Amino acid sequence: KAREHAAHKALVRARQVASFCAVLAIGAIAGAIFGYENMKRAQQAEGRAERTRALAESGRSEAEKLIVYLLDDFYVELAPVGRLDTVADLSRRALDYYSRLPPELRTAETERNRALALVRHGYALGWLGKTEEAIPLLADAIGVLEKARSAGESSELTAIGLALGLASQARFMLLGRSDQNSSATAARAADVLRPLAAGASPSVAVRRAYGEVLNRLGFSQMREGREEEAVKSFEAARDAYRSIDQLALGDLGAAAGYAEVSAWLTQVLAQGLGRCPDARRIAQEAANVAAQILERRPGHMGALRSHSLLLG
């Protein structure tokens, strides 16, 4: 009964978060549209046109940045409770805003922000099974972000967006049984984030994304029969997730990521390399982490997925 009550509370909380996220996203997009409308008025006004235009452009820029941050926060909050449909819907609304902007109003920053929204939308669609819709969106986003980096754009947001886009692309290559080298694409994703992750104090967002792309790289290497390389990638991913809060469960997403990577690591150790004692030790540790997550939030998708992998 206690677990049923906890599960019910988690579901109610997920619904509340989804509703709150939707309201915030709509507000952010409305703010962006308001900035755009102000800029149109500024073009028609006389006398104060330049000043009004500058203010409107500044407001639009800040609103677009807010949309980017909100989409990332929504993903972190909603993915564990299986609400990627909400993430897909919110990112689609953001993309609708960008599609309505005339070409002459699309700055380099706007194009970058649109590409970041494309990454989140494509990522969510992929996990919802809409791979065919997601593939061209990710290709578009990757092209824009790579061009921005070639032009000197070195922000953390751009690096994370590009890395996640490439990691998603690598996943689709495996799902589609593509002849393309999935691990090479995943390695490109890891290369994008490695300098940031190796810095003196990388942000939580960088470490989370780095753990995710290394997990994808390790999985691709494992599927290609490159077990020793996969072990190194999985171990590096575990280090990235562990570094966020040392598995103190202050960040359940990081702990769930650690458990999932550990589950894949046990498979390659036991089945690929015959290192069964190491596999058992890591599996037990990961199972304990997953169990603690489920005690705090029953129904956490990442923890349930890890638990299933470990039992399998």
Side-chain angles (χ1 to χ4, degrees), residues 17-18 20-37 39 57-79 83-128 130-149 151 153-169 171-172 189 192-193 203 205-206 208-209 212-213:
V17 168
F20 179 66
C21 290
V23 170
L24 284 179
I26 292 170
I29 294 171
I33 295 172
F34 177 72
Y36 168 52
E37 292 299 328
M39 189 162 59
E57 181 63 33
S58 175
R60 183 170 71 94
S61 176
E62 291 304 312
E64 289 178 2
K65 290 178 184 176
L66 178 59
I67 292 171
V68 171
Y69 283 111
L70 287 176
L71 287 177
D72 287 345
D73 289 345
F74 294 164
Y75 171 78
V76 172
E77 189 67 35
L78 296 176
R83 294 308 306 269
L84 283 173
D85 57 331
T86 303
V87 176
D89 182 57
L90 296 175
S91 55
R92 179 188 55 76
R93 296 187 190 192
L95 291 171
D96 287 344
Y97 155 72
Y98 290 115
S99 69
R100 290 197 296 269
L101 280 178
E104 61 270 20
L105 298 181
R106 296 183 182 182
T107 64
E109 183 181 32
T110 293
E111 284 300 293
R112 190 280 306 268
N113 293 337
R114 182 187 70 86
L116 294 175
L118 278 172
V119 169
R120 279 302 177 201
H121 192 55
Y123 190 95
L125 289 178
W127 280 102
L128 291 171
K130 300 178 181 180
T131 306
E132 293 304 317
E133 293 180 45
I135 288 175
L137 299 181
L138 288 173
D140 183 3
I142 290 168
V144 172
L145 295 174
E146 286 183 328
K147 182 179 179 181
R149 281 171 61 86
E153 167 61 61
S154 59
S155 71
E156 181 179 292
L157 275 175
T158 301
I160 291 175
L162 177 57
L164 292 178
L166 288 168
S168 297
Q169 213 175 45
R171 177 173 178 267
F172 295 152
V192 169
L193 290 180
S203 69
V206 166
R208 191 189 309 280
E212 189 168 341
V213 299

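Only heavy atoms go into these numbers, but all of them, side chains included; no hydrogens, no water, no symmetry mates. In this text the structure is predicted, and so the values were computed from the model without any measurement. Sequential numbering from 1 along the given sequence is applied to the chain's residues.
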Exercise. Taking atom CG of L137 and atom CD of E132, what is their separation to the nearest 0.5 Å?
Worked result: 11.5 Å
Exercise. Do you know which two heavy atoms are closest between L193 and V206, and how far apart they sit?
Worked result: CD1-O, 4.5 Å
Exercise. Sub-3.5 Å donor-acceptor pair from the side chain of R114 to the main-chain atoms of S99, do we have one?
Worked result: no
Exercise. Counting heavy atoms not belonging to E156, are there more than 12 under 6.0 Å from its CD?
Worked result: yes
Problem set entry | Heavy-atom closest pair, residues G165 and L138 | CA-CD2, 4.2 Å
Exercise. Is the backbone N or O of L164 less than 3.5 Å from a side-chain atom of S168, with the two atoms forming a donor-acceptor pair by type?
Worked result: yes
Seminar exercise, completed: Between A209 and I160 the two heavy atoms that sit nearest each other are CB-CG2, 3.9 Å
Exercise. Would you say R112 and L116 make side-chain contact, with heavy atoms under 4.5 Å?
Worked result: yes
For this session: Working to the nearest 0.5 Å, report the span between CG of L125 and CD1 of I135.
Result: 11.0 Å
Exercise. Between OG1 of T158 and CD of E109, what distance do you get to the nearest 0.5 Å?
Worked result: 9.5 Å
Seminar exercise, completed: Nearest heavy-atom contact between R120 and S91 is C-OG, 4.4 Å
For this session: Give a yes or no on whether a salt bridge exists between E146 and R149, defined as a side-chain N under 4.0 angstrom from a carboxylate O.
Result: no
Exercise. When rounded to the nearest 0.5 angstrom, what distance separates CG in L90 from CG in L95?
Worked result: 11.0 Å
For this session: Please lay out, stage by stage, how W127 and R171 fare under the test side chain to side chain contact (heavy atoms under 4.5 Å, CB included).
Result: CA-CA 10 Å; W127 280 102; R171 177 173 178 267; 3.6 Å; yes
Exercise. So, are D89 and R92 salt-bridged, with charged N and O less than 4.0 Å apart?
Worked result: yes
Problem set entry | Non-hydrogen side-chain atoms of L118 and Y98 separated by less than 4.5 Å | no
For this session: Specify the closest pair of heavy atoms between A94 and A117, including all atoms of both residues, with the distance to one decimal.
Result: CB-CB, 4.5 Å
